[in-house]
Amino acid sequence: MPPICTIPRSAILLHAPDLDLAATLLCGQCFRWEEQGDGFFGVVCDRAAFVTHRDGNLVIEPATPPKEDEEAFWRRYFDLDRDYAALRRKMGAHPVLRQARAFAPGIHILRQPFFETLCSFILSANNNIPRIKGILQRLCVSFGPALEDGHFGFPNAQTLAMQSKEDLAPLRCGYRAGYLLDAAKRVAEGSLQEEALAACSMEEARRALQTVAGVGPKVAECVLLYGLGRMEAFPVDVWMQRALSEYFPDGFPEQYRPCAGLAQQYLYHWVRRSGKRGEKA
């Protein structure tokens with residue numbers, strides 16, 4: 001008889017029957033979560049938590065003192081109020097998207113903090129996930145707020161903007177140090193504002209993000225999708241270039257633009273994990 005899993009009284013339970021927690025956290029959209037036992041431990045902003053998925057519920061055990069908006073924070077982070085079933089239905093009309101969707105239908109697009117997402121994907125360019133995670137950890141230890149049990153939150157833009165390239169040398173992020181500082185200064189001074197990027201047209205948002213040093217088209221799309229929740233964004237890396245070449249030689253169909261971000265994540269996960277063309281990289 002399997003052991004009975006008890007849920008701590010302090011845990012937050014969020015109804016999430018269609019969420020695939022592992023696929024969501026391991027599909028390349030975030031870098032500060034680690035598998036532990038039957039769940040994942042991560043730090044987001046200045047909050048740390050252990051999360052599992054049990055009986056259709058997302059179980060969140062805060063490792064830092066819960067704030068008044070703790071439940072709302074995690075509900076938003078895992079994007080639990082979006083109608084993913086409707087997005088999946090929309091994709092069902094396309095044979096390729098239908099296959100990609102079926103491979104990992106429980107992926108959600110995380111609503112990550114804007115500045116943290118911007119810095120993370122600046123560091124992701126021409127880099128690999130273990131190294132990205134290492135740089136981010138050193139960044140947080142060096143400049144982020146100290147949390148409980150030896151964990152560190154993500155530094156805010158004002159703190160990072162006061163640093164120099166020499167201050168960032170211990171991060172071992174090379175030429176990307178200048179990019180991080182430029183991003184921090186623009187956010188700290190208000191010339192790059194989350195609210196404005198969320199409200200303006202996609203083209204205006206893309207142009208504004210690409211004025212930041214080190215932010216090209218792919219990084220801009222990642223920030224729009226993962227940091228601003230703009231589902232029209234469609235990041236394209238080498239995996240997606242292959243998928244588009246193979247399955248969408250005339251470009252991604254415009255009629256699926258409202259669900260493009262989720263479609264991209266399904267395609268990305270599918271070609272990397274299912275033995276499709278992208279696996280040859």
Side-chain angles (χ1 to χ4, degrees), residues 16 19-34 40 42-45 47 49 51 58 73-82 84 87 100 104 106-129 132-133 135-136 139-140 153-157 176 179-180 183-184 187 192-200 202 205-206 208-210 212 214-240 252 257-270 272:
L19 174 69
D20 184 330
L21 183 61
T24 296
L25 295 180
L26 297 176
C27 65
Q29 60 175 316
C30 58
F31 306 103
R32 298 199 72 199
W33 290 93
E34 300 291 341
F40 292 82
V43 183
V44 181
C45 260
R47 310 179 196 227
V51 299
L58 186 62
F73 177 88
W74 292 111
R75 173 175 288 280
R76 183 178 189 277
Y77 180 79
F78 285 101
D79 205 22
L80 298 182
D81 292 324
R82 193 188 298 272
Y84 277 84
L87 295 175
I107 289 177
H108 278 209
I109 300 298
L110 299 173
R111 294 295 306 275
Q112 300 176 65
F114 167 68
F115 182 62
E116 185 170 338
T117 308
L118 176 60
C119 293
S120 297
F121 282 94
I122 284 174
L123 293 171
S124 76
N126 301 309
N127 216 341
N128 59 65
I129 288 179
I132 297 165
K133 287 186 171 185
I135 295 171
L136 287 170
L139 174 67
C140 294
F154 201 86
N156 61 39
R176 299 177 185 87
Y179 299 165
L180 289 179
V187 172
L192 193 69
Q193 296 184 350
E194 176 180 358
E195 295 79 8
L197 291 169
C200 68
M202 286 293 286
R206 288 178 178 121
L209 284 167
Q210 289 182 63
V212 178
V215 176
K218 188 255 184 176
V219 170
E221 294 297 300
C222 288
V223 176
L224 287 167
L225 181 58
Y226 308 129
L228 292 165
R230 302 202 63 165
M231 197 62 82
E232 321 97 292
F234 194 88
V236 176
D237 65 356
V238 64
W239 297 95
M240 288 307 302
F252 187 76
R257 186 58 57 183
C259 57
L262 183 60
Q264 177 270 347
Q265 205 66 50
Y266 284 151
L267 287 163
Y268 178 80
H269 196 63
W270 183 48
R272 289 177 68 236

- Take Trp74 and Leu58 through the test side-chain contact (heavy atoms from CB on, under 4.5 Å) and record every step on the way to the result. CA-CA 10 Å; Trp74 292 111; Leu58 186 62; 5.8 Å; no
- Task: Go through the steps for Phe234 and Leu224 under the test side-chain contact (heavy atoms from CB on, under 4.5 Å), then give the verdict.
- Result: CA-CA 9 Å; Phe234 194 88; Leu224 287 167; over 6 Å; no
- Task: Apply side-chain contact (heavy atoms from CB on, under 4.5 Å) to the pair Glu232 and Leu225, showing each step before the final yes or no.
- Result: CA-CA 8 Å; Glu232 321 97 292; Leu225 181 58; over 6 Å; no
- Task: Walk me through it: do Phe115 and Val223 pass the test side-chain contact (heavy atoms from CB on, under 4.5 Å)?
- Result: CA-CA 9 Å; Phe115 182 62; Val223 176; over 6 Å; no
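Distance alone, capped at 3.5 Å, is enough to place a donor-acceptor pair between the Gln29 side chain and the Leu110 backbone. Looking only at distances, a side-chain donor or acceptor of Glu116 sits under 3.5 Å from a matching main-chain atom of Cys45. Put simply, the side chain of Arg32 never gets that close to the backbone of Leu136: no donor and acceptor are under 3.5 Å apart.
Separating the CZ atom in Arg75 from the CG atom in Leu80 is a distance of 5.5 Å, to the nearest 0.5 Å. Rounding to the nearest 0.5 Å places OG1 of Thr24 at 9.0 Å from CZ of Phe40. To the nearest 0.5 Å, atoms CD (Gln112) and CG (Asp79) are separated by 11.0 Å. With rounding to the nearest 0.5 angstrom, the OH atom of Tyr179 is 9.5 Å from the CD1 atom of Ile122. To the nearest 0.5 Å, atoms SG (Cys30) and CD1 (Ile109) are separated by 10.5 Å. Rounding to the nearest 0.5 angstrom, the gap separating the CG atom in Leu197 from the CG atom in Leu228 is 6.0 Å.
For the pair Leu139 and Pro155, the minimum side-chain heavy-atom distance is below 4.5 Å. At least one side-chain heavy atom of Lys218 sits under 4.5 Å from a side-chain heavy atom of Ser124. At least one side-chain heavy atom of Trp33 sits under 4.5 Å from a side-chain heavy atom of Val44. In this structure the side chain of Leu267 never reaches within 4.5 angstrom of the side chain of Trp239, judged on heavy atoms. Side-chain contact between Phe252 and Arg257 is present, with heavy atoms from C-beta onward closer than 4.5 Å. Counting heavy atoms from C-beta outward, Ile107 and Leu19 have side chains that stay 4.5 Å or more apart. Within the 4.5 Å cutoff, the side chain of Phe31 has no heavy atoms near those of the Leu123 side chain. Contact check for Val212 versus Val219: no side-chain heavy atoms found under the 4.5 Å cut-off.
Closest approach of Cys140 to Phe154, counting heavy atoms only: SG-CD1, 3.7 Å. The two residues Ala220 and Leu209 have their closest heavy-atom pair at O-CD1, 3.7 Å. The minimum heavy-atom distance linking Cys27 with Tyr268 is given by the pair O-CE2, 3.2 Å. Looking at every heavy atom in both residues, Leu118 comes nearest to Ala183 through CD2-CB, 3.8 Å. Leu87 and Arg82 get closest at one heavy-atom pair: CD1-CD, 3.8 Å. Across all their heavy atoms, Ala157 and Val187 have their closest contact at CB-CG1, 3.6 Å.
Under the 30°/60° scheme for interplanar angles, the aromatic rings of Tyr84 and His108 are found to lie parallel. Classified by interplanar angle (parallel below 30°, tilted 30° to 60°, perpendicular above 60°), the ring pair Phe73/Tyr77 is parallel.
More than 12 heavy atoms of other residues, nucleotides or ligands lie within 6.0 Å of CG in Asn128, so this atom counts as buried by the packing criterion.
A salt bridge between Arg230 and Glu221 is absent, with no side-chain N of the basic residue lying under 4.0 Å from a carboxylate O of the acidic one.
A cation-pi arrangement, defined by a distance under 6.0 Å to the six-membered ring centre and an angle within 45 degrees of its axis, is absent between Arg111 and Tyr226.
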